[in-house]
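Note that these values count all heavy atoms, side chains included, but never hydrogens, waters or copies made by symmetry.
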Amino acid sequence: MAYRTPPFRPTFPMLLVSGLLLAQPLSSVAANQVECRASSSGAGWDCSPLSAPAALPPRPAQTVQPAPRATEPAPVETPERATAATPASRPAVTGDHSELDWVPREQLSSEQQAAIAPYCGGMYVEPEREGRDNETPFNELPVSAAADSSSFEQGSQTGTLEGDVLLQQGRLQAQSNQASFDQANNLIVLDGNVRLRDQGVLVLGDSARMQIDTGETRIDQVRYVVHESRARGTATKLMRRDDAVIVMTDGTYTTCEPGENTWALHSKDIELNREEGWGEAKHVTLRVKDVPVFYTPWMNFPLDDRRKSGLLTPSFASSTDSGSELTVPYYFNLAPNYDATLYPRFMSKRGLLMEGEARHMNEQSQSQINAAYLDDSEFGDTRWMYQLRHDNLLAPRWRANVDYSDISDPFYFQHLNSSLESRPDTYVNQRVSTTYAGNTWRFEAAVHSYELADITSITPYDRLPQLRLDGANRIADTGLRFNYRTEYSYFDRDLNSGLLSGRDGVQFDDANIGIREPDESLVGLQRATGSRVVAAPALEYPMTTSWGFLTPTVKAVMTQYDLDFDRRNDGFDYAGAETTPGNVTPLASLDGGLYFDRQANWFGQTFRQTFEPRAYYLYAPYRDQSDQPLFDTNEFAFSYSSLFRDNRFSGSDRISDANQFTLGATSRFLDDAGRERIRGSLGQIFYLSDRDVALLPDGAGATTDPTQSTSAYAGEFMYQMSDAWRFRSDVIWNPDNNNEDAGSAIFNYQPEPRKIINAGYRFRNNINTFDALSGTFRRNANDRIDQSDLSTIWPINNQWSVIARWQHDFTRDRTLEAFGGLEYDSCCYKVRVINRYWVDYDEYETVTDDSSNRGIFIQIVLKGLGNVTGNRVESLFDQGIPGYRERENNGF
C-alpha cells in the first residue's frame with residue numbers, strides 16, 4: 001500500500017516559530033473571559049466580557065506538564081540516547097513525551113499507523129481544537145482570553161490573568177500559568193509553562209515577552225515541534241525582531257523521534273527570514289550520537305521553494321579508471337530567470353574536472369549551456385566538452401531550436417561520468433533548426449551534423465541542410481483527407497582513412513595486423529554524398545463508427561537523388577555509376593477493424609471484455625532501388641505494431657514492395673473504473689508475393705526471408721489484476737525459422753513502496769548489425785541478444801532491507817552488471833552500503849575483451865536534510881531498479 005505521508009522535504013526547516021501566536025498583535029486582556037476586536041477608529045482595541053463561557057475553545061487533550069519555576073531554570077532539551085531496539089527492530093521511545101504532541105504507535109488509530117512507516121515508533125499529532133484550520137485574516141478576528149482569575153491595577157495600567165491562562169486568535173493559541181499586560185509600555189508577558197500553537201507548529205518555553213507596538217518577541221528556553229516535517233529542536237532563546245526576522249540562540253534541529261540522539265544539527269546563531277525565504281546559521285555542527293562529525297562556520301539555506309545560492313550535497317565515489325572522486329557542487333541563484341551550477345570534481349588519478357551549467361528562461365525562450373574542462377594526467381592531454389541547448393519562440397507560430405555539442409576526443413564519455421545531462425550513445429548532436437506551424441501544415445529547416453563519441457562507428461551523414469513540409473487537409477465536405485510529406489536534404493560526410501588509432505595508439509587484431517579505420521570498409525554507394533528530394537502525397541477516406549472503422553488510402557512516394565562519390569580504387573565502377581537515380585512508388589492500402597464488447601466475470605469480478613479484430617491490405621509494386629544509397633535508412637525490427645506499417649524500412653532511401661494481407665486482433669479486460677487489466681494482441685502477415693527490395697544489392701541486412709509466404713507471429717500481452725503486480729510480454733515466433741524468433745517478458749511486483757521485485761528476460765535471434773571491419777551487415781550467433789535482468793528491494797524486517805541487481809548475458813556467458821547490499825532505514829536517517837561489479841566496454845570491443853570494474857558505494861541520508869553523500873547510488877538505483885523512484889516518492 002502507498003503511504004499517505006509525503007517524503008521529507010530536503011530543506012532545513014528550523015523555521016517553526018514563523019507562525020508564533022506572539023507574532024500577531026494582541027493588545028488588551030481583561031477579566032476572566034473577554035473578547036477583543038480592533039476599534040472602528042483603528043486606534044486601539046475594544047474589549048468586552050464573553051457572555052457565554054461555553055463558547056470558549058476547548059483545551060488541548062494532552063496533559064500539560066508543569067514547568068520549573070524561575071528559581072531553577074529549565075534545562076535546554078537535547079535529544080537523548082537511543083535505547084535498545086524492540087523485538088520488531090524499531091527503536092523504543094522511552095519516557096512521556098506527550099507535551100511535544102508525541103503519540104506512541106500503540107496509541108495511534110489504525111489509519112494513523114498506516115500513515116507512518118513500520119519502523120517509526122509513533123508520530124506528532126496536533127490535537128483537535130477550535131479554530132485550528134481558520135484561515136480568516138487576523139485583523140478580522142477577535143482575541144479570546146480565559147483564566148482562573150484576573151485582576152487589573154488602575155494605577156500601573158497593568159492587567160493580570162492567572163491560573164490556566166488560554167489566549168486565542170483564530171488558529172493561533174497561547175497557554176501559560178500567568179499572563180500580564182502592561183498597557184503603558186505596550187508589553188505582554190507570559191510566564192510559566194508557555195505553550196504557543198500555530199497550525200502544524202508547537203513552541204514551548206519558560207517565559208515570553210512581546211512588544212505590542214513593534215511586534216518584537218522573546219521566548220526563553222524553547223522547545224519546538226513541526227508536525228508535518230516530524231522535526232523538533234531546542235533553543236536557549238528565540239527572538240522575533242521588529243523586522244519580522246526570527247533569531248535563535250544555541251538552536252538544535254533533528255527529525256529523530258523523542259528519546260533518540262542519532263543526529264542533530266547545532267548552531268550558535270540562526271536567523272530565519274520568512275519574508276525573503278531564506279535562513280542563515282553560524283557555527284553549525286552536525287552531531288551523530290552527540291559526537292561532532294561535521295562543522296561549517298556558516299550555512300545559508302532556503303525556507304521555502306525559492307532558490308538560494310549555496311553548496312549542494314557533495315558526493316563520493318571510487319573507480320578503477322579514475323580513482324577516488326569527490327564532487328562538491330555549488331549553486332548560483334543569479335536572478336529569478338537564470339542560474340548556474342558548478343560541479344568541481346577531484347579525481348585522484350586524473351586531476352580536477354571543472355563542470356558547470358548555466359540556465360536562462362524568459363517568456364519566449366529557454367537556454368542551457370554545459371561545459372567541462374580537465375587536464376587529464378591519466379589520459380595525458382587536456383579534455384573538454386561543451387553543449388548549447390536553446391529553444392526560442394520567435395513568433396506565435398515560429399520557433400527556433402539549437403542542440404549543439406562538441407568534445408575533445410571520442411573517449412571523453414567513455415572515461416568520464418559526467419554530472420551534466422549530456423551523455424550520448426555513439427555521437428553528439430550538432431543541430432540547428434527553425435519551425436513554422438500553420439493551421440494544417442508544418443515547415444522545418446535544419447542543419448544537422450554529428451561528432452563521434454567512439455572510434456568503432458561509421459562516420460554518420462550530416463544533413464546540410466534539411467527542409468521539410470508536412471500537412472493534412474480535409475477536402476471540403478467530401479470526407480476525403482489529403483496528406484503530404486515533402487523533404488529536401490543534402491547528405492555529406494568526411495570519411496576517415498588509414499589505421500585505427502585508439503587511446504593507446506594504433507589498434508591491432510589477434511594476428512598483430514593493424515586495423516583500418518571503420519570508414520575504410522565502405523565501398524561504392526556507401527561512399528556516396530549528395531542531395532535527395534522526397535515527395536509523398538496521400539489521399540484517404542476515413543470512415544468511423546462506434547462499432548468499427550474502414551480507411552482506404554492511396555499514396556505515391558517520389559524520390560530523386562543527385563550524387564557525388566568519394567572515389568577510390570576498390571573495384572567499384574564509380575565512372576559508370578548512376579549519379580541521378582530516382583523512382584516513383586505507388587501504394588494502396590485498406591485498413592479496417594471492428595469493435596465488440598460484453599460483460600464478463602472472472603474470479604468473482606465483473607469486467608468489460610472487448611474483441612477488436614483488424615485487417616490490413618497493402619500493395620506496392622517493385623521498384624529497382626539498388627542504385628540508391630543508404631543515407632538514413634534501416635529495416636524496422638519486426639513487432640506487432642509493424643504489422644500495420646506501409647513500409648518495412650525507416651527513412652526514405654528504400655520503399656518496400658508489398659502485396660500482403662495482415663490479420664490481427666486485440667482483446668482487453670477493463671474493470672469498472674475503465675482501467676485496462678488484461679490486454680492481448682496477436683497478428684500475422686500473409687505475403688501474396690516475394691519481397692525483392694533489400695537494403696543492399698545482395699540482400700544482406702534483411703531480417704526476414706523474402707521468399708516466405710507468411711511472417712512470424714507477432715504478439716503482445718499485458719496482465720495486471722491488481723496494483724501490486726504487472727506482467728508484460730511480447731513475442732515473435734516463426735515456426736518455420738527460429739532465427740527470426742524474439743521476445744521479452746517483464747514481471748514487476750510491488751505490493752507496497754518498500755517491496756520491489758523485478759524479473760526480466762529478452763532475446764532476439766536476428767540482429768541487423770553493420771560490421772565496421774567488413775563493411776557489410778552481419779548475422780551470426782554472437783550478434784544475438786539473450787539477457788536476463790533481476791532486481792529487488794525487499795525488507796528483512798522493519799528497518800533492514802536487501803537491495804540487489806543481476807544482469808546476465810547468456811550469449812557470452814558473462815555478468816554485465818551486479819550489485820548487492822543492505823539498507824538501514826529509520827524515521828530520521830537512512831544508510832545504504834552497495835558492492836557493485838560492472839563491465840567497462842572497451843573502446844574497440846571487436847579487438848579486446850571488455851574489462852570489469854568494481855566499487856563499494858555508501859549513501860547516507862539524514863531525513864529532513866537530504867543526502868549527506870552518495871548521489872551516484874541514487875542514480876544507480878533509478879536506472880537499474882524499476883519502481884525505485886516510486887518507492888522513494890512514497891516513502892518516509
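No side-chain N or O of Thr707 forms a donor-acceptor pair with one of Asp690 less than 3.5 Å apart. A donor-acceptor contact under 3.5 angstrom links the side chains of Ser744 and Asp730, judged on distance only. Inspection of the Ser650 and Asn634 side chains reveals no N or O donor paired with an N or O acceptor under 3.5 Å. Remark: the Gln660 side chain and the Thr662 side chain contain no N/O donor-acceptor pair separated by less than 3.5 Å.
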>> Evaluate Tyr561 against Phe491 for ring-ring contact (aromatic ring centres under 6.0 Å, His included), listing each step before the verdict.
In response: CA-CA 10 Å; Tyr561 295 85; Phe491 296 89; 8.3 Å; no
> Should Thr633 and Leu695 be marked as a side chain to side chain contact (heavy atoms under 4.5 Å, CB included) after you check the CA-CA gap, both sets of side-chain angles, and the distance that decides it?
Replying inline: CA-CA 8 Å; Thr633 297; Leu695 286 172; 4.1 Å; yes
> Under the ring-ring contact (aromatic ring centres under 6.0 Å, His included) criterion, do Phe482 and Tyr484 qualify, and how do the steps go?
Replying inline: CA-CA 7 Å; Phe482 176 65; Tyr484 55 93; 5.7 Å; yes
> How far apart are the C-alpha atoms of Tyr761 and Asp786, what are their side-chain angles, what is the distance that settles it, and do they pass the side chain to side chain donor-acceptor pair (under 3.5 Å) test?
Replying inline: CA-CA 8 Å; Tyr761 174 75; Asp786 192 6; 2.5 Å; yes
> Please walk me through it: do Ser642 and Arg648 pass side chain to side chain contact (heavy atoms under 4.5 Å, CB included)?
Replying inline: CA-CA 7 Å; Ser642 68; Arg648 67 178 186 271; over 6 Å; no
>> Under the criterion side chain to side chain contact (heavy atoms under 4.5 Å, CB included), I'd like the reasoning laid out for Arg493 against Leu522: C-alpha separation, chi angles, the key distance, then a yes or no.
In response: CA-CA 12 Å; Arg493 62 179 173 182; Leu522 300 178; 3.4 Å; yes
> How far apart are the C-alpha atoms of Val693 and Arg623, what are their side-chain angles, what is the distance that settles it, and do they pass the side chain to side chain contact (heavy atoms under 4.5 Å, CB included) test?
Replying inline: CA-CA 7 Å; Val693 177; Arg623 295 291 185 266; 6.0 Å; no
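Residues Ser641 and Ser639 share a closest heavy-atom pair of OG-OG, 3.1 Å. Looking at every heavy atom in both residues, Arg654 comes nearest to Pro629 through NH1-O, 3.6 Å. The heavy-atom pair separating Phe649 from Ser656 by the smallest distance is CE1-CB, 3.7 Å.
Relative orientation of the Trp806 and His808 rings is tilted, given thresholds of 30° and 60° on the angle between their planes.
In this structure the side chain of Asn429 never reaches within 4.5 angstrom of the side chain of Ser405, judged on heavy atoms. By the 4.5 Å heavy-atom criterion applied to side chains, Phe686 and Thr710 are counted as neighbours.
How far OG of Ser689 is from CG of Asp657: 6.5 Å, rounded to the nearest 0.5 Å. Taken to the nearest 0.5 Å, the CD atom of Gln605 stands 5.0 Å off from the CE atom of Met721. Note: Lys755 NZ to Tyr749 OH = 7.0 Å, rounded to the nearest 0.5 Å. Separating the CG atom in Asn583 from the OH atom in Tyr622 is a distance of 10.0 Å, to the nearest 0.5 Å. Between the OG1 atom of Thr529 and the CG atom of Asp462 there is a distance of 11.0 Å, given to the nearest 0.5 Å. In this structure, CZ in Arg728 is found 5.5 Å from CG in Asn748, a value given to the nearest 0.5 Å.
The existence of a salt bridge linking Asp653 and Arg532 is confirmed by a sub-4.0 Å separation between a basic side-chain nitrogen and an acidic carboxylate oxygen.
Annotation: Arg726, atom CZ; neighbour count of heavy atoms from other residues, nucleotides and ligands within 6.0 Å does not exceed 12.
Sorted by first and then second residue, the salt bridge (charged side-chain N to carboxylate O under 4.0 Å, His left out) pairs involving residues 427-441 (not counting sequence neighbours) are Arg431-Glu444. Sorted by first and then second residue, the pairs that involve residues 438-466 and meet ring pair (Phe, Tyr, Trp, His ring centres under 6.0 Å), not counting sequence neighbours, are Tyr427-Tyr450, Tyr436-Trp441, His448-Tyr450, Tyr461-Phe631. For residues 535-556, the pairs satisfying salt bridge (charged side-chain N to carboxylate O under 4.0 Å, His left out) are Arg481-Glu540, Lys555-Asp646, with sequence neighbours left out. Applying the salt bridge (charged side-chain N to carboxylate O under 4.0 Å, His left out) test to residues at least two apart or on different chains, the pairs with a partner in residues 584-600 are Asp591-Arg614, Asp597-Arg608. Each ring pair (Phe, Tyr, Trp, His ring centres under 6.0 Å) pair with one or both residues in residues 708-729, not counting sequence neighbours, appears once here: Tyr713-Trp733, Tyr719-Trp725. Among residue pairs with one or both ends in residues 662-671, those qualifying as salt bridge (charged side-chain N to carboxylate O under 4.0 Å, His left out) are Glu612-Arg668, Arg668-Glu676, Asp671-Arg675, Asp671-Arg677; sequence neighbours excluded.
Of the possible donor and acceptor atoms, one in the side chain of Gln560 sits under 3.5 Å from a partner among the backbone N and O of Pro581.
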